[in-house]
Asker: 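Have a look at this one.
Everything numeric here is computed off the predicted structure, so don't read it as measured data. Heads up: numbering here begins at 1 and tracks the sequence. Note: hydrogens, waters and symmetry copies are ignored here, and every other heavy atom, side chains too, is used.
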Amino acid sequence: MSTPLSSYVLTFNSERRLHQVLTAISAVADEIVVIDSGSTDNTLSIAESCGTRVLHRKFDNFRDQRIFAEDSCTHDWVLALDSDEVLSDELQSTIKALKETDFFVPNQAPVDGFSIRYLWYFLGAQVSSFYPVRSPQYIVRLFRRSKISFRGSRIIHEALQLDNAKIFILNEPILHYSCDSIDGLYSKIGLYTKLSAEDMHANGVKATWIKIHIYPWLIWVRFYLLYGGWRDGENGRILGRYVRDTIYLKYLKLRHMSTSK
């Protein structure tokens with residue numbers, strides 16, 4: 001008997017690729033929960049047309065949004081996705097096969113979660129890096145919520161708390177179509193740098209002159225030169241500037257946040 005699987009998707013004005021995301025999920029999940037934070041486009045109508053259960057939660061941070069999503073799922077096994085992440089055909093087939101074996105992997109101890117190969121796309125092309133990570137990366141998105149959770153994570157660049165969980169790697173990828181436009185790329189900066197500054201301020205981090213004016217260029221060197229962004233042509237140059245601007249703005253906001261308290 002196939003093991004039931006819940007999947008949740010976080011949305012906010014996500015009409016761009018949501019139908020493609022939900023269609024891929026529907027091939028493997030027994031339940032799809034959409035957690036929406038106030039969409040004003042066609043997101044909700046697309047979600048409803050795909051037979052999902054739509055819940056509403058005002059956004060405060062990514063960690064708490066994901067915890068709410070976890071708690072809203074019915075089944076223990078959960079597939080966690082965002083509204084720009086598409087399951088490849090190969091990954092769909094693998095997840096279907098895993099469900100038939102109660103997510104048992106031959107010659108392995110019982111598994112609590114799966115770290116899935118994760119490919120980043122920008123302007124329709126695969127890229128070598130996208131701040132704050134390299135591509136491809138491996139990220140746990142399929143897991144037992146009774147064993148693994150986002151509780152205890154940071155509020156931005158949130159990560160599952162794995163503790164002593166048994167994780168198995170899947171090479172069949174999730175395709176992350178992060179941005180299809182320059183406007184889409186830079187629309188992320190305001191929210192992400194605000195949350196980063198708030199997180200650093202809460203943890204006592206200081207915004208020094210070096211962190212504001214020198215550190216952004218050091219991170220640019222890491223992502224553009226060392227991580228191979230230069231191999232991505234114009235897309236790499238755009239993302240390199242995005243890296244520099246993001247680091248500069250989050251420490252600038254932290255500096256003014258600190259002086260205004």
Asker: Check Gly124 against Asp180 and note the closest heavy-atom contact, atom names and distance.
Answerer: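 Between these two residues, the closest heavy atoms are N-OD1, 4.2 Å.
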Asker: Could you walk me through whether Ile116 and Tyr118 pass the side chain to side chain contact (heavy atoms under 4.5 Å, CB included) check?
Answerer: CA-CA 6 Å; Ile116 302 173; Tyr118 192 85; over 6 Å; no
Asker: Does the pair Arg144/Asp76 count as a salt bridge with the N-to-O cut at 4.0 Å?
Answerer: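 The answer is yes: the pair qualifies as a salt bridge.
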Asker: What's the separation between atom CG in Leu81 and atom OH in Tyr8, rounded to the nearest 0.5 Å?
Answerer: 8.5 Å
Asker: Report yes or no: does Glu172 contribute a side-chain atom to a donor-acceptor pair with the main-chain N or O of Glu90 at less than 3.5 Å?
Answerer: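 Not at all, since once roles are kept as given, no pair shorter than 3.5 Å links the two residues.
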Asker: Just by modelled atom types, is the Glu15 backbone N or O under 3.5 Å from a matching donor or acceptor in the Asn42 side chain?
Answerer: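 The answer is no, because no donor-acceptor pair under 3.5 Å joins these two groups.
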Asker: Please report the shortest heavy-atom distance between Val28 and Leu5, naming the atom on each side.
Answerer: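 Smallest heavy-atom distance, with atoms named: O-CD2, 3.8 Å.
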Asker: Between Tyr251 and Val221, is there a shared hydrophobic cluster once you connect ILVMFWY residues whose side-chain heavy atoms come closer than 4.5 Å?
Answerer: no
Asker: Under the criterion ring-ring contact (aromatic ring centres under 6.0 Å, His included), which of Trp230, Tyr224, Phe223 is the partner of Tyr227?
Answerer: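 Checked Trp230, Tyr224, Phe223 against Tyr227; only one passes ring-ring contact (aromatic ring centres under 6.0 Å, His included): Phe223.
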Asker: Does a sphere of radius 6.0 Å around OH in Tyr215 hold more than 12 heavy atoms from other residues, nucleotides or ligands, not counting ones at 6.0 Å or beyond?
Answerer: no
Asker: Taking C-beta and beyond as the side chain, do Ile148 and Leu162 meet within less than 4.5 Å on heavy atoms?
Answerer: yes
Asker: For Ile219 and Tyr131, run side chain to side chain contact (heavy atoms under 4.5 Å, CB included): C-alpha distance rounded to whole Å, both residues' side-chain angles, the deciding distance at 0.1 Å, then the answer.
Answerer: CA-CA 9 Å; Ile219 300 301; Tyr131 179 77; 4.2 Å; yes
Asker: Quick check: does any side chain N or O of Thr11 sit under 3.5 Å from a backbone N or O of Ser83, one acting as donor and the other as acceptor?
Answerer: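 No; zero donor-acceptor contacts below 3.5 Å.
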Asker: To the nearest 0.5 Å, what is the distance between CD1 (Ile25) and CG (Leu18)?
Answerer: 8.0 Å
Asker: Could you report the tightest heavy-atom contact between Leu10 and Ala69, atom names first, then the distance?
Answerer: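 Looking at all heavy atoms of both residues, the shortest contact is CD2-CB, 4.2 Å.
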Asker: Evaluate the side chain to side chain contact (heavy atoms under 4.5 Å, CB included) criterion for residues Leu87 and Leu79: first the C-alpha distance (whole Å), next the side-chain angles of each, then the deciding distance (0.1 Å), finally the verdict.
Answerer: CA-CA 10 Å; Leu87 303 179; Leu79 175 65; 3.8 Å; yes
Asker: With distance as the sole test, does Asn13 use its side chain to make a donor-acceptor pair with the main-chain N or O of Thr43 at under 3.5 Å?
Answerer: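 Checking the backbone N and O of Thr43 against the side chain of Asn13, no donor-acceptor pair under 3.5 Å is found.
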Asker: With a cut-off of 6.0 Å (strictly less than), are more than 12 heavy atoms of other residues, nucleotides or ligands near CZ of Arg231?
Answerer: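 Yes, the 6.0 Å shell around CZ holds more than 12 heavy atoms from other groups.
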Asker: Hey, is the main chain of Ser39 close enough, under 3.5 Å, to the side chain of Asp36 for a donor-acceptor pair?
Answerer: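 Flag set: sc Asp36 to bb Ser39 pair under 3.5 Å.
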Asker: Does the distance from a Lys or Arg side-chain N to an Asp or Glu carboxylate O, for Glu198 and Lys194, drop under 4.0 Å?
Answerer: yes
Asker: Measuring from Ile35:CD1 to Leu55:CG, what's the distance to the nearest 0.5 Å?
Answerer: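 These two atoms lie 4.5 Å from each other.
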Asker: Under 4.5 Å between side-chain heavy atoms, counting indirect links through other Ile/Leu/Val/Met/Phe/Trp/Tyr residues: same cluster for Phe62 and Phe12 or not?
Answerer: no
Asker: Quick one: do Phe59 and Asp64 satisfy side chain to side chain contact (heavy atoms under 4.5 Å, CB included)? Show the steps, please.
Answerer: CA-CA 8 Å; Phe59 182 87; Asp64 292 343; over 6 Å; no
Asker: With distance as the sole test, does Ser196 use its side chain to make a donor-acceptor pair with the main-chain N or O of Thr193 at under 3.5 Å?
Answerer: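 Answer holds: no.
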Asker: Would you call Pro110 and Lys166 a side-chain contact if the rule is heavy atoms closer than 4.5 Å?
Answerer: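 No, every pair of side-chain atoms sits at 4.5 Å or beyond.
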Asker: Treating Glu70 as the side-chain partner and Phe150 as the backbone partner, does any N or O pair qualify as donor plus acceptor under 3.5 Å?
Answerer: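 Answer holds: yes.
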Asker: Looking at Arg255 and Ala207, would you say the former's side chain and the latter's main chain have a donor-acceptor pair under 3.5 Å?
Answerer: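 The answer is yes, because a donor-acceptor pair under 3.5 Å joins these two groups.
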Asker: Nearest 0.5 angstrom please: Asp112 CG to Leu160 CG, how far?
Answerer: 12.0 Å
Asker: For the hydrophobic clusters of this structure (ILVMFWY residues joined by side-chain heavy atoms under 4.5 Å, transitively), does one cluster hold both Tyr242 and Val127?
Answerer: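 In one cluster: yes.
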Asker: Can any side-chain N or O of Asp102 pair as donor or acceptor with the backbone N or O of Phe104 at less than 3.5 Å?
Answerer: no
Asker: For residues 65-92, pull every pair meeting ring pair (Phe, Tyr, Trp, His ring centres under 6.0 Å), keeping only residues two or more places apart or in separate chains.
Answerer: Trp77-Phe103, Trp77-Phe114
Asker: Under 4.5 Å between side-chain heavy atoms, counting indirect links through other Ile/Leu/Val/Met/Phe/Trp/Tyr residues: same cluster for Trp220 and Val133 or not?
Answerer: no
Asker: Between Ser178 and Lys188, is there a side-chain heavy-atom distance shorter than 4.5 Å?
Answerer: yes
Asker: Salt bridge (charged side-chain N to carboxylate O under 4.0 Å, His left out): which pairs involve residues 21-32, sequence neighbours left out?
Answerer: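 Every salt bridge (charged side-chain N to carboxylate O under 4.0 Å, His left out) pair that includes a residue of residues 21-32, provided the two are not neighbours, is Asp30-Lys99, Glu31-Arg53.
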Asker: Quick one: does Leu254's side chain get under 4.5 Å of Lys211's, heavy atoms only?
Answerer: no
Asker: According to a hydrophobic-cluster definition based on side-chain heavy atoms being under 4.5 Å apart (Ile, Leu, Val, Met, Phe, Trp, Tyr only), do Trp120 and Ile182 belong together?
Answerer: yes
Asker: Looking at every heavy atom in both Ala197 and Lys253, which two are closest together, and how far apart are they?
Answerer: CB-CB, 3.9 Å
Asker: Going by heavy atoms in the side chains, are Leu185 and Phe130 under 4.5 Å from each other?
Answerer: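 Yes, their side chains come closer than 4.5 Å.
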Asker: Write down the atom of Ala47, the atom of Leu22, and the distance for their closest heavy-atom approach.
Answerer: CA-CD1, 3.9 Å
Asker: Looking at Pro173 and Ser88, what are the two nearest heavy atoms and their distance?
Answerer: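 Smallest heavy-atom distance, with atoms named: O-OG, 2.7 Å.
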Asker: Only one of Ile238, Leu239, Asp245 forms a side-chain contact (heavy atoms from CB on, under 4.5 Å) with Arg241, so which one is it?
Answerer: Asp245
Asker: Please report the interatomic distance SG(Cys50) to CD(Gln20), rounded to the nearest 0.5 Å.
Answerer: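 Here the interatomic distance stands at 11.5 Å.
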Asker: Once you round to the nearest 0.5 Å, how far does NE2 of His176 lie from CD of Gln137?
Answerer: 9.0 Å
Asker: Can a donor-acceptor pair be found, under 3.5 Å and without considering hydrogens, that links the side chain of Ser149 to the backbone of Arg145?
Answerer: no
Asker: Kindly check if the number of other-residue, nucleotide or ligand heavy atoms within 6.0 Å of CD (Glu234) is above 12?
Answerer: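 Open: at most 12 neighbouring heavy atoms sit under 6.0 Å from CD of Glu234.
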Asker: I'd like to know if Asp82 pairs up with Arg66 as an ion pair, taking the criterion as any Lys NZ or Arg NE/NH1/NH2 lying under 4.0 Å from an Asp or Glu carboxylate oxygen.
Answerer: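 Salt bridge: yes.
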Asker: Given side chains that start at C-beta, do those of Val33 and Ser6 come closer than 4.5 Å, heavy atoms only?
Answerer: no
Asker: Check this for me, if you would: do Arg151 and Asp71 make a salt bridge, where the nitrogen-to-carboxylate-oxygen distance has to be below 4.0 angstrom?
Answerer: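 The answer is yes: the pair qualifies as a salt bridge.
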Asker: So do Asn171 and Tyr138 actually touch side chain to side chain, heavy atoms under 4.5 Å?
Answerer: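 SC-SC contact between Tyr138 and Asn171 confirmed.
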